[in-house]
Visitor: 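Next up is a structure, given as structure tokens.
One is the number of the first residue; the rest follow in order along the sequence.
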Amino acid sequence: MEEKIIEMMESLKDRMTEGILEMVRIDSVESEAEPDAPFGPGVKRALLKALELGERLGFRCVNLDNYIGYAEYGRGPDYVCAMGHVDVVPVGDGWRQPPFSGYMADGVIYSRGILDNKGPLLSCLYGLYALKELGFEPKHRIRIIFGCDEESGFEDLRYYLEREKPPVWGFTPDCKFPVVYAERGRAVVRVSGWELEPFFEFVTEYFIGAKNTGDRLGIDLSHKEYGTMEMRGYKLGVDEGRPYFEASLSYPAGCGIEEILKRIQGKAGDLLVELRHNYNPVVFDKESPLVLALTECYERVTGADGTPVTTTGGTYAKAMPNMVPFGPSFPGQKGIGHNPNEWMTVEDLMKNGKIYALGLYRMGNL
């Protein structure tokens with residue numbers, strides 16, 4: 001069956017590529033909410049297009065009030081899923097071609113969202129279509145979930161979980177290969193104060209003039225599997241007349257966010273230290289049936305070592321139970337998704353599609 005799945009995906013190359021191009025030509029940067037468009041009209045258009053493609057392929061599709069939607073195949077009391085997102089980050093400057101043109105040259109597609117995350121998400125959808133066309137009858141229903149707020153706060157996922165139960169198994173094609181079994185914690189910490197001199201002295205000494213590991217703050221935490229603390233995304237602003245400085249912390253397991261805040265406050269003195277946002281580290285059992293199955297799928301298609309890895313990033317796996325990050329970037333591919341001239345080769349999209357089709361097949365049988 002698995003060889004037939006790979007062959008079926010090869011036959012879908014042109015059809016899948018055209019579907020992906022339809023998606024990436026939609027400007028789905030989140031914008032101000034409108035009636036029936038909680039994340040703006042562009043994101044809504046992208047969601048509706050994804051659902052339209054799903055219906056064209058013969059799936060039952062559900063739209064949850066334009067917050068999120070899914071295409072579903074099979075029967076049963078529970079489900080497994082692949083979950084990605086149709087919203088994209090702002091385009092920025094430096095593009096050689098219009099960012100929503102779906103420009104393709106020499107087998108490479110350049111567009112905002114081609115990697116993060118429309119291309120991989122539709123690779124999952126066409127992977128499921130291959131299973132349907134082969135007559136596969138899974139033990140669980142299989143869903144491809146189209147998120148709409150991954151880049152700005154996961155409000156789509158919260159809305160989903162208020163109305164739907166979580167999957168028994170799942171993956172998000174929004175990180176890297178091989179299987180990612182653990183994610184660092186992600187937090188945003190704000191420091192503020194009315195007195196300008198001590199505020200700017202603190203920011204300069206402990207953030208601007210220091211390493212991004214938080215060494216001067218005493219939070220340069222390290223873990224053999226997660227790596228060392230990283231601070232980034234610095235932001236300086238004013239809130240109700242009070243200056244503030246924010247930093248995004250990518251922190252390893254082993255030290256809770258409460259202890260991290262305590263250490264920062266110990267250096268900040270009378271300045272106010274606030275936790276603006278936090279997701280705790282996530283760890284998945286490397287020997288779980290899900291991780292083992294996806295590892296085998298990756299190794300079968302690529303022939304490469306599929307030993308599970310960790311990530312400094314953050315995905316839907318932070319908030320969706322029973323889910324791991326899985327692809328789409330291959331080892332050595334970094335710094336593509338949020339940059340100008342975001343790209344992905346058709347060859348890699350096809351490789352994604354084969355891996356994801358096998359992954360959905362394996363999950364459907366777990």
Visitor: Report yes if some heavy atom in the side chain of Leu48 is under 4.5 Å from a heavy atom in the side chain of Asn66; otherwise report no.
Guide: yes
Visitor: What distance do Ser11 atom OG and Ile6 atom CD1 have between them, rounded to the nearest 0.5 Å?
Guide: 12.5 Å
Visitor: Do Ser152 and Glu30 have side-chain atoms, one donor and one acceptor, less than 3.5 Å apart?
Guide: yes
Visitor: Is it true that Glu230 and Arg232 have a side-chain N and a carboxylate O under 4.0 angstrom from each other?
Guide: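 Counted as a salt bridge, because a side-chain N and a carboxylate O are separated by less than 4.0 Å.
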Visitor: Looking at Phe330, I'd like to know if the NZ or CZ of Lys351 sits under 6.0 Å from its six-membered ring centre while staying within 45 degrees of the ring's axis.
Guide: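 Yes - Lys351 lies over the ring of Phe330, closer than 6.0 Å to its centre and within 45° of its axis.
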Visitor: Glu258: which residues meet the side chain to side chain contact (heavy atoms under 4.5 Å, CB included) condition with it, sequence neighbours left out?
Guide: none
Visitor: For Val88 and Lys118: C-alpha separation, side-chain torsions, deciding distance, then whether side chain to side chain contact (heavy atoms under 4.5 Å, CB included) applies.
Guide: CA-CA 9 Å; Val88 299; Lys118 295 174 180 178; 4.0 Å; yes
Visitor: Ignoring hydrogens and geometry beyond distance, is a side-chain donor-acceptor pair present between Tyr251 and Asn278 at under 3.5 Å?
Guide: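 Yes.
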Visitor: Using only heavy-atom distances, determine whether the side chains of Asp149 and His85 contain a donor-acceptor pair under 3.5 Å.
Guide: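 No, no side-chain donor-acceptor pair sits under 3.5 Å.
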Visitor: What distance separates Ser123 OG from Leu349 CG, expressed to the nearest 0.5 Å?
Guide: 5.0 Å
Visitor: Salt bridge check: are Lys44 and Glu34 linked by an N-O gap of less than 4.0 Å?
Guide: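 No, Lys44 and Glu34 are not salt-bridged.
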Visitor: For residues Val301 and Val309: do they belong to one hydrophobic cluster (side chain heavy atoms under 4.5 Å, members Ile, Leu, Val, Met, Phe, Trp, Tyr)?
Guide: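 Per the 4.5 Å side-chain linkage, Val301 and Val309 are not co-clustered.
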Visitor: Once you measure the plane-to-plane angle for Phe171 and Tyr356, does it fall in the parallel (<30°), tilted (30-60°) or perpendicular (>60°) bin?
Guide: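 Correct class here is parallel.
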Visitor: With a 4.0 Å cut-off on N to O distance, would you call Arg15 and Glu18 a salt bridge?
Guide: no
Visitor: Give a yes-or-no answer on whether the side chains of Asp65 and Asn63 include a donor-acceptor pair shorter than 3.5 Å.
Guide: no
Visitor: I'd like to know if Glu150 pairs up with Lys318 as an ion pair, taking the criterion as any Lys NZ or Arg NE/NH1/NH2 lying under 4.0 Å from an Asp or Glu carboxylate oxygen.
Guide: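 No, Glu150 and Lys318 are not salt-bridged.
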Visitor: First locate atom CD1 of Ile114, then atom CG of Leu21, and finally report the distance between them rounded to the nearest 0.5 Å.
Guide: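 If we round to the nearest 0.5 Å, Ile114:CD1 and Leu21:CG are 7.0 Å apart.
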Visitor: Keeping Arg141 on the side-chain end and Pro77 on the backbone end, is there a donor-acceptor pair under 3.5 Å?
Guide: yes
Visitor: Are Glu259 and Arg263 ion-paired here, with the side-chain N under 4.0 Å from a carboxylate O?
Guide: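 Salt bridge between Glu259 and Arg263, a charged N being under 4.0 Å from a carboxylate O: yes.
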Visitor: Let me confirm one number: the CE-CG distance from Met23 to Leu53, rounded to the nearest 0.5 Å.
Guide: 7.0 Å
Visitor: Would you list the atom pairs, donor with acceptor, under 3.5 Å between side chains in residues 187-195 and any protein atom, with sequence neighbours excluded?
Guide:
unit_1, atom_1, unit_2, atom_2, d
Arg190, NE, Glu246, OE2, 2.8
Arg190, NH1, Asp239, OD2, 3.0
Arg190, NH2, Glu246, OE2, 2.8

Visitor: If I take atom OG from residue Ser111 and atom CE from residue Met344, how far apart are they, to the nearest 0.5 angstrom?
Guide: 13.0 Å
Visitor: Aromatic rings Tyr226 and His223: how do their planes relate, parallel, tilted or perpendicular, breaks at 30° and 60°?
Guide: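 The arrangement is perpendicular - the two ring planes meet at more than 60°.
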Visitor: Tell me whether Met8 shares a hydrophobic cluster with Met363, the cluster being built from Ile, Leu, Val, Met, Phe, Trp, Tyr side chains joined at under 4.5 Å.
Guide: yes
Visitor: Relative to the ring of Tyr159, is the ring of Tyr67 parallel (under 30°), tilted (30 to 60°) or perpendicular (over 60°)?
Guide: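 Ring orientation of Tyr67 relative to Tyr159: parallel.
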Visitor: For Arg163, does the CZ atom have more than 12 heavy-atom neighbours from other residues, nucleotides or ligands under 6.0 Å away?
Guide: yes
Visitor: Here's one to test your reading of the geometry: is the NZ or CZ of Arg216 within 45 degrees of the ring axis of Tyr206 and under 6.0 Å from its centre?
Guide: no
Visitor: Does a salt bridge link Glu2 with Arg362, judged by any charged N lying under 4.0 Å from a carboxylate O?
Guide: yes
Visitor: Below 30° counts as parallel, above 60° as perpendicular, anything between as tilted: where do the rings of Phe284 and Trp169 land?
Guide: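 If you compare the ring of Phe284 with that of Trp169, the planes turn out tilted.
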Visitor: Taking the basic N atoms (NZ, or NE/NH1/NH2) and the acidic carboxylate oxygens, is any pair closer than 4.0 Å for Glu7 and Lys4?
Guide: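 Salt bridge between Glu7 and Lys4, a charged N being under 4.0 Å from a carboxylate O: no.
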Visitor: Applying the side-chain hydrogen bond (donor to acceptor under 3.5 Å, both in side chains) criterion to Tyr316, which one of Thr172, Asp174, Asp156 satisfies it?
Guide: Asp156
Visitor: Could you tell me the separation between the CD1 atom of Ile145 and the CG atom of Leu125, rounded to the nearest 0.5 Å?
Guide: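 These two atoms lie 12.5 Å from each other.
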Visitor: What is the ring orientation for Tyr234 with Phe207, classed by angle as parallel under 30°, tilted 30 to 60°, or perpendicular over 60°?
Guide: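 Tyr234 vs Phe207 ring planes: perpendicular.
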